[in-house]
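In the text below, chain A, chain B and the rest are named by the order of the sequence lines, each starting its count at 1.
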Amino acid sequence: MSNEQIAVLLRNVAAAYSIKDDKKFRFQVLAYQKAADTIAHLNSEIMDYYKSGTLDSLPGIGTSIRSHLEELIKTGKVKRFEWVFEGIPGAIFPLLDIPSFGPKKAYALVKHFKLKNPKTVITDIEKLGIEGKIASLPKFGEKSQSDILRALSEFKEGKGKTTRMVLPYAHEVADKLVYYLKELPEVDKAEPLGSLRRGVATIGDIDIAVASNKPKEVIEHFTSYPYKERVIEKGDISASIMVSGGRQIDLMVQPPDAFGSLLQHFTGSKNHNVHLRELALKKNFSLSERGIKFLKEKNQPIKRYETEEEFYAEIGLQYIEPEMREDTGEIELALANKLPDLVELKDLKGDLHTHSNYPIEPSHDLGLSSVEEMLNEAKKLNYEYLGFSEHNPSVSKHTNREIYEILEKRSEKIEQIKSNNKSVRIFKMLEVDILPSGKLAIDEKSLSLLDAAVVSVHSVFSMDKNKMTQRVLAGLSYSKAKILAHPTGRLLNVRPGYDLDWDKIFEFCKKFDKALEINSWPNRLDLPDTIIRKAVESKVKMVINTDSHRVSQMIMSKYGVMLAKRGWAKKSDILNTLSYNDFSNWLKS
DNA sequence: GCCGTTTTCGGCCCGACTGTTTTCAGTCG
C-alpha cells in the first residue's frame, strides 16, 4: 500500500470515530488525523519504516497505531478498523475531500437520503440539491443547500482540500494582493504567512496578515479585491476570498502593537503552534494571535507583542526561523538555546548549475541567455564564481569524437571569456546524464576537458530502488562527477520522483567527497526538506544551485535556501558558501 | 491514541466565522 492510501485510510478512521461518538473518541480522532498527516508528508515509503521496525519513531504513531499498521501490511486488513467502520456508510468518504464538508455533514446527508454508492455519491447529492430536497433537512436550510451545490461544483473544477500550487505561483498571487492591500492608508503592514513563509514546497491556501487599527476598513477593502471570484467568509477581523483558479486567500487583522503574535499564529505550522501553546499552558500562559493571557493573574488584559522575537522571548524561547516551525524538535532546541545557525541567502558565493545558450547541441533544453549575460548577473548577486553546466551534447546525434570537439570549442570560448572577465571566476562544468546502465553519457576523454561534472538522471525513471541506487552510485563514481543534481528527479504536481537508498548514497558521498544538489527550480525543489535534514545529520555536504536557463532565473536560489533551512542546514553544510579557492580545491579533489 | 526537563497517568491549543438557531455545532487553520 502506498503512503497516500494509508493516509486516506487513517483519515477515514478519524472521521468514522467522530461520527460514532464525537465526545468519547475526541482524542482518537485527533490522534488518527495527526498520524494521517505524518504519513501523507513522508518522503520515503512507509514500507521502509515497517521493514526496519521504526514505525513508532514517526510523530503521532505510537504502540497502538503501529500495531494496526503492521496488521494492515501483513494481512491487508485491521480488526479494530473494521469495528470502527461498522455502521458507517462508505458513501461518506469521498465527500470528505470537499471543502466545507466534515464527517457530520457528510453523514447527515448520506444517512438521510440512504446513499449507498461511493462512486456516485457526489452526483447524487448534487441532484438532490438541484431538486431542492436538502434545504428541508433538520439543521440545513436554503443557504446551506446552495453552499453545498457550489462546493460540489468547485470541487469538480479542481478545488479540493488537498490541491496545492508551486511556490512562485503562490508568491505571485500573494504579492499582487499585498500590493493591493497597501493601497489602503489604514494598512500599516501586510505580509504573506503560512506555508508560504515557511517555504513549504507546495502551497494550499495563501495566508496574509495585516496590521491595522481599522479592521473593518481593511476587511471591506480586501473583500472588494477586483480579481476575486467570490467572498468565502467575511467577519470582523478575518475574511477569505477565492481568486481565479480556485485559489483561496485568508486574511486576518490585528492592531499594530499585536502584530508579533499574529505573525506567529498565522505562520504556523499547526503542529508547531499546538506544541508551543501546550508548553505555555504549563507556565500558565495562554497563547493566541491576540497575544498572551497570564492565567494566574485574574482580570489582566491580554499582553500584546509587536514583534515575534518579543513573543518567543516571553515564553522563554530563542527566536525560531519560520522554515523550522514544523514541531520536529525545534522547540526543544529553542528551550535549550541550542538552535542551529542556519544558512542564509547572503552566504552563497556561487551557482554551479546554470545553462547558457552556448550551442552545445544537447538532447535536453538549451539555456536562453549568453555566458556574458549570466556572468553579469552573477556579479550583481555578489557571487565570486559561476559554473556553466549545460547538458552534454546529444549522444544519439554525435560520435564521441564529435562530442569532444564540441566541448573543446566551448572550452576555448570559456578560456577567452575568463581572460576578459576577472570579477567573477568561472568553472567549466557540464550536466551529464547518468544512463540506465550507470555509465555517464560522455567518455573519460571528454570529461577531462571539464573542471567537474554535475551528474543526473533524465531517463528511465521507473527503475526500482536498488537498481536506481546502483545506477546513481555508478554515475557518481567517475572522478569528475562531483555533484548529484536534482537527486530524486521529482517534479512537483507532475511526478513523485524515484526512490533511492539514502543511507547508501550518504555513505558513498562522504567516502568519496561528493555533494548532493539542492535544486532551487520551483517545480523541483529537490532534495526534499526531510532528506536534507537526514543529509545534515549524516554530515553529507550539499550545494544550492538554481538550474537557471536564463538570467532572470538566477535569483531562484532564494527558494533553495529556504529549502535548505527547512532541512536545518547550516552554512558549513553548504559547499557553495566557500570562497573561490576553497570551493575550487574541493571541486578538483 | 499519543506523550513525557514537574507526568508511564492524566493531560490533550485557541479562536474565527457561518448557518440555523436564540446558545451552539460544525468546519477551518
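- Between A:Arg290 and B:dA16, a side-chain N or O to OP1/OP2 separation shorter than 4.0 Å is present.
- By the stacking rule of 5.5 Å between ring centres and under 30° between planes, A:Phe27 stacks on the base of B:dC12.
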Hey, mind stepping through A:Asp188 and A:Ser212 against side-chain hydrogen bond (donor to acceptor under 3.5 Å, both in side chains) and telling me if it holds?
CA-CA 6 Å; A:Asp188 284 18; A:Ser212 170; 5.5 Å; no
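- With both ends at atom C1', the span from B:dG19 to B:dC13 equals 25 Å, rounded to whole Å.
- Note: A:Tyr17 and A:Tyr32 have tilted aromatic rings, judged against thresholds of 30 and 60 degrees for the angle between ring planes.
- Taking atom CZ of residue A:Arg325 and atom C1' of nucleotide B:dG29, one finds them 16 Å apart after rounding to whole Å.
- Close to B:dC2, at under 4.0 Å from its OP1 or OP2, lies no side-chain N or O of A:Tyr32.
- At B:dC2, none of the side-chain N or O atoms of A:Arg66 fall inside 4.0 Å of OP1 or OP2 (strictly under the cut-off).
- Pair check for B:dT8 finds none; no Watson-Crick or G-U wobble contact set falls under 3.5 Å.
- Following rounding to the nearest Å, A:Leu317 (CG) and B:dT5 (C1') show an atom-to-atom distance of 14 Å.
- Between A:Glu326 and A:Arg198 a salt bridge is recorded (basic side-chain N to carboxylate O distance below 4.0 Å).
- Of the candidates A:Val274, A:Asn271, A:Leu276, A:Asn271 is the only one forming a side chain to side chain contact (heavy atoms under 4.5 Å, CB included) with A:Asp327.
- For B:dT6, the base adopts the anti conformation, since its glycosidic angle falls more than 90 degrees from zero.
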